[in-house]
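Step one of this worksheet: look at the structure below.
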Amino acid sequence: MARLVKLYSQVDNVKKQYFIRNRIAEENRQKENEAAVRIQCWFRGCQVRAYLSHLHKNATLIQKIWRGFTARVLFRKRVKTAYFIMKMNFFNKMAVKIQQRWRGYYVRKYVHNYYARKRYLEGLTRKNEHIRRDIEEFVELQRKERERITLEKEEQGKTIQAQRLHFLLSTKQCPGVFNSPFREEPDEMELRLRKVKPLLARSAPKERKTPNIIPDLSNLMPNRERLPPIRKKPQGPFRPALEVQQQRQRPLEPSLRVATSITALEEAREELKCQEWRTRVIDQTFLPSLNTSQNKRYEGLMHTSTPFEQVAYGTKHFREEDLQGKKPFKTVFTTCHVFDKFGRLYSKAGNIV
């Protein structure tokens, strides 16, 4: 009974402590919840990381074993290939040696005789020496022959010159140009002038026998003097025939004034008109069908009009000045029923209303 009375006396204190502890629990509930969540996160993270580490170790072990197996297989294949290549190279080398020895023996015994070959080469060398000596003698003879011909041409030229200059030969009364009294002995040209004879006048070419159509006047005038012959080679500094022919057949080079046509301006205008005609959209003049512009003529643009002059200032205007009398557009076909439901059943975003 005493304990019950004591308990009843402490009811208020118990209630007060209950509410205080309840308030403290409510205040710390959020913090404790966050702490519990953090602990759970950390613990679960540790579990997951440990599990992932275990998986990574197992995967690494599997990869290591598999890669080692594949590498050993590949290495065995490469060793076999290298051994096969080395063996084939050795066999090829031995085969080449065998072929070399056999071909050498066969050629020395059945194809070429060493001593016969040596004698042949020695004979060929001696023959080459003889041929080379003969060729050198022939070349020397040709050189001497060319020198002889050159000397003969020079002597002939000097002789012809001496014959032409024979009138300069010295006499007892008048010493010549090449026989100066101040020299101890006469010049070479003077000695040559004494040996040669002067050039005689060339005789006229013999006349060919012609029919009796042209009368022969030689009997009528037997003492007439003959004219000097006409030289075939013209005398004087004449230009070559090819240059003269090119000058005669040279194309005309008119000036710009001569080359320009008189109707160049009109042709240019016609060309511009043709270009504008190609760039036109409508050939005929467009007349609007509006009531407001029935009495107004349409002004074409620059590339659609034929005259080139500029339109007078202040005459340009917009095509549609009055839009009040414009009639609404009339459709020919009926509208689609799907688009009729746009405002009633569908929104602008495409969602169902």
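Just so you know, residue 1 is the first one in the sequence shown, and it goes up from there.
Within 6.0 Å of CZ in Arg194 there are more than 12 heavy atoms belonging to other residues, nucleotides or ligands. Enclosure of atom CZ in Arg143 by more than 12 non-hydrogen atoms of other residues, nucleotides or ligands within 6.0 angstrom is indicated. Within a 6.0 Å sphere centred on CZ of Arg148, heavy atoms belonging to other residues, nucleotides or ligands number more than 12. Around atom CD of Glu188, no more than 12 heavy atoms belonging to other residues, nucleotides or ligands sit under 6.0 Å away.
Classification of Glu154 and Lys158 as a salt-bridged pair fails, no side-chain N sitting under 4.0 Å from a carboxylate O. One finds no salt bridge joining Arg38 and Glu34 here, because no Lys/Arg side-chain nitrogen approaches an Asp/Glu carboxylate oxygen to under 4.0 Å.
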>> Walk me through whether Arg29 and Glu26 qualify under salt bridge (charged side-chain N to carboxylate O under 4.0 Å, His left out).
In response: CA-CA 5 Å; Arg29 180 176 297 174; Glu26 288 294 334; 2.7 Å; yes
> Could you go step by step and tell me if Tyr106 and Arg103 meet the side-chain contact (heavy atoms from CB on, under 4.5 Å) rule?
Replying inline: CA-CA 5 Å; Tyr106 181 81; Arg103 289 174 181 174; 5.6 Å; no
>> Determine whether Glu122 and Lys118 satisfy the following criterion, side-chain contact (heavy atoms from CB on, under 4.5 Å), listing intermediate values before the conclusion.
In response: CA-CA 6 Å; Glu122 289 177 355; Lys118 186 176 180 180; 3.7 Å; yes
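The line from CG of Leu242 to CD of Gln245 is 8.0 Å long, rounded to the nearest 0.5 Å. Atom CD of Gln17 and atom CD of Gln10 lie 10.5 Å apart (nearest 0.5 Å). With rounding to the nearest 0.5 Å, the separation of CZ in Arg23 from OH in Tyr18 is 13.5 Å. Here the CD-CD1 distance, from Gln142 to Ile149, works out to 10.0 Å after rounding to the nearest 0.5 Å. In this structure, NZ in Lys144 is found 6.5 Å from CG in Leu141, a value given to the nearest 0.5 Å. Here Glu145 contributes atom CD and Thr150 contributes atom OG1; the two are 10.0 Å apart, rounded to the nearest 0.5 Å.
In the hydrophobic cluster analysis, where Ile, Leu, Val, Met, Phe, Trp and Tyr join through side-chain heavy atoms closer than 4.5 angstrom, Trp102 is grouped together with Tyr110. Cluster membership check: Met94 shares its hydrophobic cluster with Phe91, using side-chain heavy-atom separations under 4.5 Å among Ile, Leu, Val, Met, Phe, Trp and Tyr. A single hydrophobic cluster is not seen to contain both Phe75 and Tyr83; linkage of ILVMFWY side chains at heavy-atom distances under 4.5 Å, directly or through other members, places them apart. The hydrophobic clustering, which links ILVMFWY residues whose side-chain heavy atoms are closer than 4.5 Å, places Phe69 and Ile62 apart. Val107 and Tyr105 fall within the same hydrophobic cluster, defined by Ile, Leu, Val, Met, Phe, Trp and Tyr side-chain heavy atoms under 4.5 Å apart, directly or through other members.
Nearest heavy-atom pair across Ser170 and Asn179 is OG-ND2, 3.3 Å. Smallest separation of non-hydrogen atoms from Arg72 and Ile65: NH2-O, 4.4 Å. Nearest heavy-atom pair across Arg192 and Thr159 is NH1-OG1, 3.9 Å. Of all heavy-atom pairs spanning Phe178 and Leu193, the tightest one is CD1-CD1, 3.9 Å. The two residues Glu190 and Leu169 come nearest to each other via the heavy atoms OE2-CD1, 3.4 Å.
In summary, of the residues considered (Arg132, Arg133, Arg126), a side chain to side chain donor-acceptor pair (under 3.5 Å) with Glu129 occurs for Arg132 alone.
Using a 4.5 Å cut-off on side-chain heavy atoms (C-beta onward), Arg49 and Leu52 make no contact. Between Ile20 and Lys16 there is a side-chain heavy-atom pair separated by less than 4.5 Å. Lys93 is not listed as a side-chain neighbour of Phe90, based on a closest heavy-atom distance of 4.5 Å or more.
At least one donor-acceptor pair closer than 3.5 Å links the side chain of Thr171 to the backbone N or O of Cys174.
Side chain to side chain, His54 and Asn58 meet the donor-acceptor criterion of an N or O pair below 3.5 Å.
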